[in-house]
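Hydrogens, waters and symmetry mates play no part in the numbers below; they use all other heavy atoms, side chains included. Order of the sequence lines fixes the chain letters, A, B, ..., with proteins taken first and strands second; residue numbering starts at 1 for each chain. Because the structure is predicted, anything quoted here is derived from the model rather than measured.
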Amino acid sequence: MITPAELLCARWLDRSLFLRDPRYVARELLGKLLVRRQTGEWLAGRIVETEAYLGKNDPAAHAAAGRTPRNRVLFGPPAHAYVYLIYGNHYCLNVSCLPDGEAGCVLFRALQPVAGKDAMARNRHLDLRQLSGKRVRLLTSGPGRLTQAMSITRLQDNGKDLLSPDSDLILLDDGLRPKRVGTSKRIGITKAADAPLRYFIAGNEFVSGTKREFAICDL
DNA sequence: TTATAGATTGCCT
DNA sequence: GGCAATCTATAAT
């Protein structure tokens, strides 16, 4: 866990990072902080697992079908939140990449809680006292879990600039760098299922889908 | 207008 | 490991 003072010292990310290819951004975001600034308490999680979704050449990407009302954020300026409902139950959070007009994004698949754990547990309707050992993973391990923990919804958050000082949902860098990064196929998709576009901090207990095959990336 | 699949999760055996 | 829950974008009538 990190203190509110430490969070205030964390740096903003440079928007130019998000102009780059989602595969690069997905790796670069590992170790960074996703922060919900709400009155009373800040919630923050370290990004430990991501997936890259490309443009029209990636059949698994929402952008593959071209611009629609749902995916318009993907075609907009970089570093904005793309939030959508999946399976009628869960929200997924992505950040847009590449210049305005070009689609591409990174999906946030898992966070390690670093601040506001109590609020996260409340948002998840879980009792923190019962989350001993490996069960803490239930807080933020998985794309639907982390959005619920951070109370991210399409109505509230879709289209928000994640680098704006006015935003209540932002990305920060506290200087931590992952020691080892793993890569594997993306999880839960049927099209382009073999592309190795998932990235995670190797060994981190909040990473989802651990029993699958992976390789260690060069940093 | 109706049908279907989906970047998931949680509860069941 | 199997499968229901629950909504909606998109495809098929």
same_hphob_cluster(A:Tyr82, A:Val25) at 4.5 Å side-chain heavy-atom cutoff: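 As far as the 4.5 Å side-chain criterion goes, A:Val25 and A:Tyr82 are not connected within one cluster.
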Under-4.0 Å side-chain N/O to phosphate OP1/OP2 contact, A:Arg154 with C:dC7: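 False: A:Arg154 side-chain N/O out of range (4.0 Å or more) of C:dC7 OP1/OP2.
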Distance below 4.0 Å between A:His62 side-chain N/O and B:dA7 OP1 or OP2: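 Yes.
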Donor on one side chain, acceptor on other, A:Arg212 and A:Ser184, under 3.5 Å: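 There is no such pair (donor and acceptor under 3.5 Å, judged by atom type) between the side chains of A:Arg212 and A:Ser184.
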Exercise: do A:Ser208 and A:Glu49 side chains pair donor with acceptor under 3.5 Å: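 A:Glu49 and A:Ser208 do have a side-chain donor-acceptor pair below 3.5 Å.
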For the pair made of [atom1] in [X] and [atom2] in [N], what is the distance, rounded to whole Å?
{"X": "A:Ile189", "N": "B:dA5", "atom1": "CD1", "atom2": "P", "result": "17 Å"}
{"X": "A:Tyr87", "N": "B:dC11", "atom1": "OH", "atom2": "P", "result": "19 Å"}
{"X": "A:Asn94", "N": "B:dT8", "atom1": "CG", "atom2": "C1'", "result": "14 Å"}
{"X": "A:Leu93", "N": "B:dT8", "atom1": "CG", "atom2": "P", "result": "14 Å"}
{"X": "A:His90", "N": "C:dT6", "atom1": "NE2", "atom2": "C1'", "result": "9 Å"}
{"X": "A:Glu49", "N": "B:dT8", "atom1": "CD", "atom2": "C1'", "result": "13 Å"}
{"X": "A:Asn71", "N": "B:dA7", "atom1": "CG", "atom2": "P", "result": "13 Å"}
{"X": "A:Arg67", "N": "C:dT10", "atom1": "CZ", "atom2": "C1'", "result": "18 Å"}

Counting only side-chain heavy atoms from C-beta out, which of [options] sits nearest to [X]?
{"X": "A:Thr190", "options": "B:dG6, B:dG10, C:dT10", "answer": "B:dG6"}
{"X": "A:Arg109", "options": "C:dC7, B:dT8, C:dA9", "answer": "B:dT8"}
{"X": "A:Arg145", "options": "B:dG10, C:dT6, B:dA7", "answer": "B:dG10"}
{"X": "A:Asn89", "options": "B:dT8, B:dG10, B:dA7", "answer": "B:dT8"}

Secondary-structure stems for DNA chain C, with pairs counted as Watson-Crick or G-U when both distances are under 3.5 Å and runs at least 3 long: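 So the stems come out as B:1-6 with C:7-12, B:8-12 with C:1-5.
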Ring-on-base stacking B:dA7 with A:Tyr53 (under 5.5 Å, under 30°):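 It does: the two rings, one from A:Tyr53 and one from B:dA7, meet the stacking criterion.
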Closest-nucleotide ordering on DNA chain C, the 5'-leading residue of A:Pro69 and A:Gly88: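 It is A:Gly88, whose closest nucleotide lies nearer the 5' terminus.
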Heavy-atom side-chain contact between A:Glu51 and A:Ile187 under 4.5 Å: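 Yes, their side chains come closer than 4.5 Å.
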A:Arg15 bridged to A:Asp161 by N-O distance under 4.0 Å: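 Salt bridge: yes.
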Salt bridge present between A:Arg11 and A:Asp173 (N-O < 4.0 angstrom):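 Looking at A:Arg11 and A:Asp173, the cut-off is met.
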Along DNA chain B (nearest heavy atom to each residue), the more 5'-positioned of A:Leu74 and A:Gln148: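 Result of the comparison: A:Leu74.
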Same-atom distance (P) from C:dT6 to B:dT2, integer angstrom: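 The same atom, P, in both gives a distance of 22 Å.
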Flag, side chain of A:Arg145 to backbone of A:Ser141, donor-acceptor distance under 3.5 Å: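 The answer is yes, because a donor-acceptor pair under 3.5 Å joins these two groups.
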Ring centre gap for A:Tyr84 and A:His62 strictly below 6.0 Å: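 Centroid distance A:Tyr84-A:His62: below 6.0 Å, so yes.
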Remember a base hit wins even if backbone is also touched, and classify [X] as base, sugar-phosphate or nothing at under 4.0 Å, heavy atoms.
{"X": "A:Arg198", "value": "nothing"}
{"X": "A:Arg186", "value": "nothing"}
{"X": "A:Leu107", "value": "base"}

